[in-house]
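These notes concern the structure reproduced below.
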Amino acid sequence: MAQQTADFIVIGGGITGTSAAYQLALRGHRVTLLERRYLAAGGTGRTVGLVRTHYSNEVTAQMAQRALGVWRDFEQTVGGDVGWVQTGALFIVAPHDLDGLQANIDMQRAVGINVELLDPQALLAVAPYLNVEDVGGGAYEPDSGVADGAMATTAYAERAKALGATILQDVEVTAICAEAGRVTGVATTKGDFSAPVVINAAGPWGARLAETAGIRDIPVENSRHQVAVFQRPESLAEQHPFIGDFIQGFYLRSETGLLTLSGSLEASEAANKVDPDHFSETVDMDFNIDMAERTEHRVPAMGEAQIRKGWAGLYDVTPDWHPIIGRMPGIEGLVCAFGFSGSGFKMAPVTGEMIADLATGDRQCPIDPHPFRLERFAEGELVEGRYSYSIMG
Ligand SMILES: Cc1cc2nc3c(=O)[nH]c(=O)nc-3n(C[C@H](O)[C@H](O)[C@H](O)COP(=O)(O)OP(=O)(O)OC[C@H]3O[C@@H](n4cnc5c(N)ncnc54)[C@H](O)[C@@H]3O)c2cc1C
């Protein structure tokens, strides 16, 4: 095949890559996105799709807040149906974590997030089916909600295409090519593509791909994360808020059709390391039972729920559970954006802006991506939250 050219090549058709392609096309650039399988084939297609603003450091809280504004009004801001449902979100803690939660809420409110601290009685007013006997209080975000990973990825890709981007599926990048410290393009299963700027948004495969350009030892490990699916009894609400239970280390997420999704919030899940090309994508029965027990403790009426199914997907986890978003040192023209550590879906509208800023050198996003540079690990400047009761950043 003849060599093809572009101004920007994006590797990876997940939510990160398609959002970046959209942002670049929106700014009038010639962009080609290459996806080795199909859109949302990676972590994005397995996401639970929670869009929340409960973060514990300013930069991620600001990102989540800015991203939420896009998700809530996606049809107008970007275009297309992402399956948005405003469910609200509750994050509940034990009495000994209340001070930390209050401090965190103060920080979130200072960056403009609509959140309040509820005592156990007020929690019951929002979710009367909760067991609050061991609960100190909770953060309530009425504006948060959920979106669908595949629908959102398709929406971004469609909008990017309408703006002139080329989106190619079934094209695997086999190497990122560089000469004399500069990116020259990529080699693929469908021939070579040349471009002065390449964006590596290949998620769990990103670090491996970066090695082809000589960038080694990027600290990202892939782990398998499971989602249990329960059928709620008719007696429970048609929809319930997302419930992040930091006491038991798990969550409940409302789905249509009286379904509830459930998974772990424990950092220990990251010990479940896997090869991203060979892992079980189904849920284990003992995981379903474990989540069912935690669910019944928090929502006793769920004791009548039925286990329906479940699935497993990949987290690409860094040492501080925050992504790597930045220009790669030593190779001009190479931008990486992966390692989202189980939190990349909601952030994608802002990640796309940051990637476009880094790729073009034209800063349009008000939030500086500098804290997420790869060099932070060697420099000891990790992006750390103020409190340690969960992996939620
Ligand atoms: C079970 C689960 C629940 C989650 N829940 C949430 C949540 O509630 N909220 C939230 O914000 N986040 C959540 N996440 C995390 C979120 O889904 C991910 O962080 C995000 O989807 C990652 O998107 P991505 O585009 O960076 O990577 P991916 O979606 O993995 O996309 C990478 C793409 O690159 C492609 N690719 C790889 N190698 C190549 C190559 N050589 N050439 C071309 N293409 C290539 C892959 O096929 C893939 O499509 C969850 C994740 C999982 C697994």
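Indexing begins at 1, ligand by ligand and atom by atom, following the structure's order. None of these values were measured; they are calculated from a predicted model.
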Using a 4.0 Å heavy-atom threshold (strictly under), name the region of I11 that reaches ligand 1: side chain, backbone, both or neither. side chain
Within reach of ligand 1, part of L314 (heavy-atom separation under 4.0 Å): backbone
Contact (N/O only, under 3.5 Å) between I15 and ligand 1: yes
Flag for H225-S264: side-chain donor and acceptor within less than 3.5 Å: no
Got the closest protein heavy atom to atom 26 (O) of ligand 1, with its distance? T16 OG1, 2.7 Å
Aromatic ring proximity, centroids under 6.0 angstrom, F246 and Y251: no
Stepwise, does the side-chain contact (heavy atoms from CB on, under 4.5 Å) test hold for R232 with S254? CA-CA 9 Å; R232 294 194 292 280; S254 177; 3.9 Å; yes
Indicate yes or no: does K309 engage E281 in a salt bridge with an N to O separation below 4.0 Å. no
Polar contact flag for G43 and ligand 1 (N/O pairs, less than 3.5 Å): yes
Between R66 and E353, does any NZ, NE, NH1 or NH2 come within less than 4.0 Å of an OD or OE carboxylate oxygen? yes
For ligand 1 and R46, I'd like to know whether there is a polar contact (N/O to N/O, distance under 3.5 Å). no
Side chain, backbone, both or neither: the part of S343 lying under 4.0 Å from ligand 1 by heavy atom: backbone
Number the atoms of ligand 1 from 1 as they appear, then name those within less than 4.0 Å of a heavy atom of L34, with their elements. 43 (C), 44 (N)
side-chain contact (heavy atoms from CB on, under 4.5 Å) between F377 and T318: does it pass, once the steps are laid out? CA-CA 9 Å; F377 299 110; T318 68; 3.9 Å; yes
I need the atoms of ligand 1 closer than 4.0 Å to a non-hydrogen atom of G203, numbered in the order shown. 27 (O), 32 (C)
Ligand 1 contact on F345 by region, counting heavy-atom pairs under 4.0 Å: both
Using distance alone, decide if ligand 1 has a nitrogen or oxygen within less than 3.5 Å of any nitrogen or oxygen in K346. yes
Atom 8 (O) of ligand 1 has as its nearest protein heavy atom L50 N, 2.8 Å
With heavy atoms and a 4.0 Å threshold, my read on which part of V173 contacts ligand 1 is both
Ranked by distance from atom 3 (C) of ligand 1, the top protein heavy atom is V48 N, 3.4 Å
Hey, does P204 come in under 3.5 Å of ligand 1, counting only N/O atoms on both sides? no
On a heavy-atom basis, I'd like to know which of R253, E35, R36 is closest to atom 35 (C) of ligand 1. E35
Minimum-distance protein heavy atom relative to atom 34 (O) of ligand 1: G12 CA, 3.3 Å
Distance-only, no hydrogens or angles: does the H322 side chain make a donor-acceptor pair with backbone N or O of V383 under 3.5 Å? yes
Could you see which bit of D316 sits under 4.0 Å from ligand 1, with heavy atoms only: side chain, backbone, both or neither? neither
Check each atom of ligand 1 against the heavy atoms of Y315 and keep those under 4.0 Å away; list them by number with element. 2 (C), 50 (C), 51 (C), 52 (C), 53 (C)
Should you measure from each heavy atom of G313, which atoms of ligand 1 turn up under 4.0 Å away? 53 (C)
Given F8, which partner from the list T32, T360, V198 fulfils the side chain to side chain contact (heavy atoms under 4.5 Å, CB included) test? T360
Report, as yes or no, whether the 6.0 Å neighbourhood of atom CD on E379 holds more than 12 heavy atoms from other residues, nucleotides or ligands. yes
Ring-face cation contact, Y55 with R52, 6.0 Å cut, 45° max: yes
Is the shortest distance from a Lys or Arg side-chain nitrogen in E332 or R182 to a carboxylate oxygen in the other one below 4.0 Å? yes
Selected option - heavy-atom contact closest to atom 13 (C) of ligand 1, from T153, T44, T47: T47
What I want to know is whether W311 and ligand 1 share at least one N or O pair that is separated by under 3.5 angstrom. no
Using a strict 4.0 Å threshold on nitrogen-to-oxygen distance, state whether E255 and R253 make a salt bridge. yes
Under 4.0 Å, heavy-atom basis, I'd like to know which part of T18 is in contact with ligand 1: side chain, backbone, both or neither. neither
Please list, in number order, the atoms of ligand 1 under 4.0 Å from a heavy atom of V171. 43 (C)
Run the salt-bridge test on R224 and D275 with the 4.0 Å N-O cut-off and return the result as yes or no. no
Please list, in number order, the atoms of ligand 1 under 4.0 Å from a heavy atom of G344. 11 (O), 12 (N), 15 (C), 16 (C), 18 (C), 19 (O)
Determine, for R27 against D357, whether the closest basic-nitrogen to carboxylate-oxygen distance falls under 4.0 angstrom. yes
Going by the 4.0 angstrom heavy-atom rule, the piece of A201 near ligand 1 is backbone
Would D277 and R208 pass as an ion pair if we require N to O under 4.0 Å? yes
Among A64, G49, G14, which residue places a heavy atom closest to atom 31 (O) of ligand 1? G14
Can Q364 and D362 be counted as having a side-chain donor-acceptor contact under 3.5 angstrom? yes
What atoms of ligand 1 come closer than 4.0 angstrom to any heavy atom of V227? 1 (C)
Using a distance-only test with no angle check, is there a side-chain donor-acceptor pair under 3.5 angstrom linking T282 and S280? yes
Is it the case that the side chains of Q169 and R37 hold a donor-acceptor pair, with the cut-off being a distance below 3.5 Å and no angle test? no
Atoms in ligand 1 with a heavy atom of E172 nearer than 4.0 Å: 41 (N), 42 (N)
Atom 38 (N) of ligand 1: which protein heavy atom is closest, and how many Å away? W205 CB, 3.5 Å
Proximity to ligand 1 by part of F338, non-hydrogen separation under 4.0 Å: neither
